[in-house]
Amino acid sequence: MKGKILIVDDQFGIRILLNEVFQKEGYKTFQAANGVQALEIVTQEVPDLVLLDMKIPGMDGIEILKRMKKLYKDIRVIIMTAYGELDMIQEAKDLGALTHFAKPFDIDDLRAAVKEYIVS
């Protein structure tokens, strides 16, 4: 197995798409629709990489990222956002996000980034 990836997005279709793509690549994947689920999975599974949407109802991506970093300061996170909110992207990077992808993203670019950042 290549590593564990947690996909955090409130949009079911995106979670399914990313889940399918990365399972085919040989990764073990986990899905979370909100911050509470995401933090539970992080605590139980300690994923090698997290794909984190920024716009999630309830606990937003910044808050989820802060809490993940409190649990595991070295956790690797790639953020995804459909919005060109540069201040949110900058804040996420300041908190330790590796990079960001704007939706709709090119799946091949995301696959390449995952391959680059995952610790096998």
Side-chain angles (χ1 to χ4, degrees):
M1 184 179 54
K2 290 181 172 181
K4 298 190 280 190
I5 299 174
L6 169 58
I7 300 154
V8 186
D9 200 309
D10 61 315
Q11 293 179 27
F12 180 73
I14 297 214
R15 286 198 316 272
I16 295 301
L17 168 73
L18 294 175
N19 192 56
E20 214 169 89
V21 166
F22 291 113
Q23 275 187 350
K24 279 184 184 157
E25 299 262 324
Y27 298 103
K28 183 170 185 182
T29 57
F30 303 92
Q31 297 178 53
N34 58 51
V36 174
Q37 290 175 356
L39 293 168
E40 259 175 44
I41 293 167
V42 165
T43 305
Q44 292 166 4
E45 300 293 339
V46 193
D48 299 300
L49 186 66
V50 179
L51 301 177
L52 175 61
D53 185 32
M54 286 284 101
K55 283 286 182 185
I56 295 179
M59 196 187 305
D60 72 3
I62 293 290
E63 185 59 30
I64 296 168
L65 179 58
K66 283 179 184 172
R67 292 186 187 195
M68 284 180 181
K69 287 288 186 179
K70 261 188 201 148
L71 291 168
Y72 303 101
K73 70 177 178 59
D74 295 330
I75 194 163
R76 294 167 161 252
V77 180
I78 291 175
I79 60 168
M80 306 178 290
T81 179
Y83 306 87
E85 292 177 328
L86 298 176
D87 52 340
M88 185 181 264
I89 292 165
Q90 190 56 55
E91 186 177 356
K93 287 187 174 177
D94 291 346
L95 289 167
L98 299 167
T99 189
H100 82 281
F101 282 85
K103 292 178 182 176
F105 44 76
D106 181 314
I107 196 68
D108 290 327
D109 291 346
L110 189 58
R111 282 169 54 201
V114 165
K115 204 171 279 182
E116 178 184 341
Y117 288 117
I118 205 147
V119 184
S120 12

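Every value quoted in this text rests on a predicted model; they were computed, and no experiment measured them.
Heavy-atom neighbours of Lys93 NZ from other residues, nucleotides or ligands within 6.0 Å: above the threshold of 12.
Evaluated for a side-chain hydrogen bond (donor to acceptor under 3.5 Å, both in side chains) with Thr29, the options Gln23, Glu20, Lys4 yield exactly one hit, Gln23. Of the listed residues (Leu51, Ile118, Leu52), just one forms a side chain to side chain contact (heavy atoms under 4.5 Å, CB included) with Ile78, and that residue is Leu51. When Val50, Leu6, Leu49 are each tested for a side chain to side chain contact (heavy atoms under 4.5 Å, CB included) with Val77, only one passes: Val50.
The two residues Thr81 and Asp53 come nearest to each other via the heavy atoms CA-OD1, 4.2 Å. The two atoms that bring Leu18 and Leu110 nearest to each other are CD2-CD2, 3.5 Å, heavy atoms only. Closest of all the heavy-atom pairs between Ile41 and Ala32 is CD1-CB, 4.2 Å. Nearest heavy atoms, Leu65 versus Ala92: CD2-O, 3.5 Å. Counting all heavy atoms, side chain and backbone alike, Asp48 lies closest to Gly3 at OD2-CA, 3.2 Å. Residue Lys115 comes nearest to Tyr27 through the heavy atom pair CA-OH, 3.8 Å, listed as atom of the first residue, atom of the second, then distance.
Counting only heavy atoms from C-beta outward, the side chains of Leu98 and Glu116 never approach each other to under 4.5 Å. Between Tyr72 and Asp74, the closest side-chain pair of non-hydrogen atoms is not below 4.5 Å. Met54 has its side chain within reach of Ile62: a pair of non-hydrogen atoms, C-beta onward, lies under 4.5 Å apart.
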>> Pair Ile79, Met88 - check side-chain contact (heavy atoms from CB on, under 4.5 Å), show working.
In response: CA-CA 10 Å; Ile79 60 168; Met88 185 181 264; over 6 Å; no
> Which is it for Leu71 and Arg67 under the side-chain contact (heavy atoms from CB on, under 4.5 Å) test, yes or no, and what are the steps along the way?
Replying inline: CA-CA 6 Å; Leu71 291 168; Arg67 292 186 187 195; 5.7 Å; no
>> Before you tell me yes or no, could you show the steps for Val114 and Lys2 under side-chain contact (heavy atoms from CB on, under 4.5 Å), namely the whole-Å CA-CA distance, both residues' side-chain angles and the distance that decides it to 0.1 Å?
In response: CA-CA 11 Å; Val114 165; Lys2 290 181 172 181; over 6 Å; no
> Are Ile16 and Gln31 close enough, and set up right, to give a side-chain contact (heavy atoms from CB on, under 4.5 Å), and what steps lead you there?
Replying inline: CA-CA 8 Å; Ile16 295 301; Gln31 297 178 53; 4.0 Å; yes
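Glu63 places no side-chain N or O within 3.5 Å of a backbone atom of Met59 that could act as its donor or acceptor partner. In this structure, the side chain of Lys69 engages the main chain of Lys73 through a donor-acceptor pair within 3.5 Å. In terms of modelled atom types and a separation under 3.5 Å, the side chain of Arg76 and the main chain of Tyr117 share a donor-acceptor contact.
The CE atom of Met80 sits 9.0 Å away from atom CD of Gln11, with the distance rounded to the nearest 0.5 Å. Annotation: the span from Ile7 atom CD1 to Arg15 atom CZ amounts to 9.0 Å, rounded to 0.5 Å. Separation of atoms CG (Asn34) and CG (Asp10) is listed at 9.0 Å; rounding is to 0.5 Å. How far NZ of Lys55 is from CG of Asp9: 13.0 Å, rounded to the nearest 0.5 Å.
Listed by chain and number, the residues in a salt bridge (charged side-chain N to carboxylate O under 4.0 Å, His left out) with Arg111 are Glu25, Asp108 (sequence neighbours excluded).
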